[in-house]
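Let me begin by presenting the structure, written as structure tokens, before commenting on it.
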Amino acid sequence: MSMTESFETILYDKDEQDKFATITINRPDKLNAMNKTTVREIDRAVALAVADKDVNALVITGAGRAFSAGYDLQGADYDVSIEDWHADMSENAQALLNIWKAPIPVIASVNGYALAGALELVMSCDLAIAADNAKFGEPEVRHNSGPPALFMPWLLATRDVRWLMYTGDLVDAEEALRMHLINKIVPADQLKQKTENLARKLARMPVPAIKFAKSSINNQQIAAGLMTSFDYNVHAIAALHVSKDGQEWMRNLQKMSLKEYLEFRDAPFKGLD
């Protein structure tokens with residue numbers, strides 16, 4: 001791989017032999033938690049890959065021991081209006097939709113945790129390969145929040161959607177495979193090679209065939225109401241964040257360290273598996 005452009009919180013590399021690129025979330029000290037800069041840089045890198053005639057496939061992964069722990073809960077301004085929340089959720093949802101709409105196939109390569117907004121990132125990709133140590137979930141429901149985008153009902157059976165979005169429980173790679181969150185499980189030490197093999201395979205496919213197959217599949221979901229679903233979700237999550245309970249959780253986050261906050265959030269659910 002060779003670097004083609006520098007970013008602050010991600011890496012963007014193009015393969016030297018085949019026509020695929022890789023976006024790596026590069027905040028390993030924070031388990032690749034995504035801040036506003038990360039979201040915008042991923043969006044810019046996706047646009048860069050789509051515009052490049054020498055990129056026929058794209059991989060998204062994370063550096064170190066996690067794909068991503070989700071959106072960065074620290075350092076953000078939570079004392080904002082519903083309009084501000086709506087704008088923030090809309091930007092995040094649009095960045096995910098831009099991956100979903102990209103005319104090239106996008107592969108999520110999942111090592112370790114893929115939680116909350118990062119799970120939405122995985123689901124915005126066309127395909128997902130996971131290491132056998134991967135963990136998936138939407139734990140943000142436990143602190144009165146929810147995903148900015150709502151891909152899950154379009155991928156999973158409704159019973160599984162409700163379980164993940166009501167409980168905040170994490171599931172392992174085997175359960176994620178059963179739920180169709182991912183396509184394949186591989187040993188952690190083979191994840192990079194297996195992902196690159198798939199990226200090479202897709203990059204060598206006739207480009208128009210993949211482009212129109214993706215467009216047709218996406219159009220089926222659009223016709224079924226995906227965009228309306230996304231719009232409703234953005235409104236709902238913005239309202240949730242400015243509700244009385246939502247504001248109380250935000251105040252707790254501002255008073256506590258992240259470790260204390262997560263322990264406080266999850267304490268009522270200990271021993272209830």
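Any value given below was found using the heavy atoms of this structure, including those in side chains, with hydrogens, waters and symmetry copies removed.
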With a 3.5 Å cut-off and no angle check, do the side chains of [X] and [Y] form a donor-acceptor pair?
X: Ser216; Y: Asn219; value: no
X: Thr37; Y: Glu8; value: no
X: Asp231; Y: Thr228; value: no

Pairwise distance [atom1]([X]) to [atom2]([Y]) - rounded to 0.5 angstrom:
X: Asn111; Y: Arg65; atom1: CG; atom2: CZ; result: 11.0 Å
X: Phe20; Y: Asp54; atom1: CZ; atom2: CG; result: 13.5 Å
X: Asn183; Y: Ile129; atom1: CG; atom2: CD1; result: 7.5 Å
X: Ile99; Y: Ile60; atom1: CD1; atom2: CD1; result: 4.0 Å
X: Leu177; Y: Met179; atom1: CG; atom2: CE; result: 11.0 Å
X: Trp154; Y: Gln221; atom1: CH2; atom2: CD; result: 6.5 Å

So for atom NE2, which belongs to His235, do other residues, nucleotides or ligands contribute more than 12 heavy atoms lying within a distance under 6.0 Å?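 Above 12, so yes.
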Please indicate whether Gln220 has more than 12 foreign heavy atoms, meaning atoms of other residues, nucleotides or ligands, lying under 6.0 Å from its CD.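 Result for CD/Gln220: open.
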For the student: nearest non-hydrogen atoms of [X] and [Y], plus distance:
X: Ala118; Y: Ser68; value: CB-O, 3.3 Å
X: Leu58; Y: Tyr12; value: CD1-CE1, 4.5 Å
X: Ile82; Y: Ala239; value: CD1-CA, 3.9 Å
X: Ala57; Y: Leu202; value: CB-CB, 4.2 Å
X: Ile222; Y: Trp100; value: CG1-CH2, 3.6 Å
X: Ile182; Y: Ala130; value: CD1-CB, 3.7 Å

Heavy-atom side-chain contact between [X] and [Y] under 4.5 Å:
X: Met34; Y: Arg27; result: no
X: Tyr71; Y: Glu140; result: no
X: Leu121; Y: Leu96; result: yes
X: Phe151; Y: Val122; result: no
X: Leu97; Y: Leu226; result: yes
X: Arg40; Y: Asp43; result: no
X: Pro148; Y: Ile237; result: no
X: Pro139; Y: Leu170; result: yes

May I ask whether [X] and [Y] are part of the same hydrophobic cluster, defined by side-chain heavy atoms of I, L, V, M, F, W, Y residues being less than 4.5 angstrom apart, directly or through others?
X: Val106; Y: Met152; result: yes
X: Ile107; Y: Ile217; result: no
X: Met256; Y: Leu258; result: yes
X: Val46; Y: Val207; result: no
X: Leu262; Y: Leu253; result: yes

Stepwise side chain to side chain contact (heavy atoms under 4.5 Å, CB included) check, Asp18 with Glu196: CA-CA 10 Å; Asp18 274 295; Glu196 290 186 358; over 6 Å; no
Restricting to side chain to side chain donor-acceptor pair (under 3.5 Å), what partner residues turn up for Glu248, sequence neighbours left out?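 Checked Glu248 against side chain to side chain donor-acceptor pair (under 3.5 Å); zero matches.
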When you measure from the side chain of [X] to the backbone of [Y], do you find a donor-acceptor pair of N or O atoms at a distance under 3.5 Å?
X: Thr61; Y: Ser109; value: yes
X: Gln190; Y: Pro187; value: no
X: Lys214; Y: Ala102; value: yes
X: Ser229; Y: Gly225; value: no
X: Ser243; Y: Leu240; value: yes
X: Glu41; Y: Thr9; value: yes

What's the verdict on side chain to side chain contact (heavy atoms under 4.5 Å, CB included) for Thr195 and Thr22, showing C-alpha distance, side-chain angles and the deciding distance? CA-CA 10 Å; Thr195 302; Thr22 300; over 6 Å; no
Dump the intermediate steps for side chain to side chain donor-acceptor pair (under 3.5 Å) on Asp84 and Ser81, then the final yes or no. CA-CA 5 Å; Asp84 291 329; Ser81 68; 3.2 Å; yes
Tell me, with the steps shown, if Asn32 and Phe67 meet side chain to side chain contact (heavy atoms under 4.5 Å, CB included). CA-CA 7 Å; Asn32 296 320; Phe67 178 82; over 6 Å; no
Taking the inter-plane angle between the rings of Phe264 and Trp249 on a 0 to 90° scale, is it parallel (under 30°), tilted (30 to 60°) or perpendicular (over 60°)?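 If you compare the ring of Phe264 with that of Trp249, the planes turn out tilted.
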Does a salt bridge link Glu174 with Arg178, judged by any charged N lying under 4.0 Å from a carboxylate O?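 The answer is no: the pair does not qualify as a salt bridge.
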Salt bridge between Lys36 and Glu91, side-chain N to carboxylate O under 4.0 Å?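 Yes, Lys36 and Glu91 are salt-bridged.
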Stepwise side chain to side chain contact (heavy atoms under 4.5 Å, CB included) check, Glu120 with Asn92: CA-CA 10 Å; Glu120 296 298 316; Asn92 292 343; over 6 Å; no
Is Arg142 positioned over the aromatic face of Phe269, cation under 6.0 angstrom from the ring centre and no more than 45 degrees off axis?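 So Arg142 does make the cation-pi contact.
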What's in the same ILVMFWY side-chain cluster as Met205, cut-off under 4.5 Å, chained through other members?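 Via sub-4.5 Å side-chain contacts, Met205 links to Ile210.
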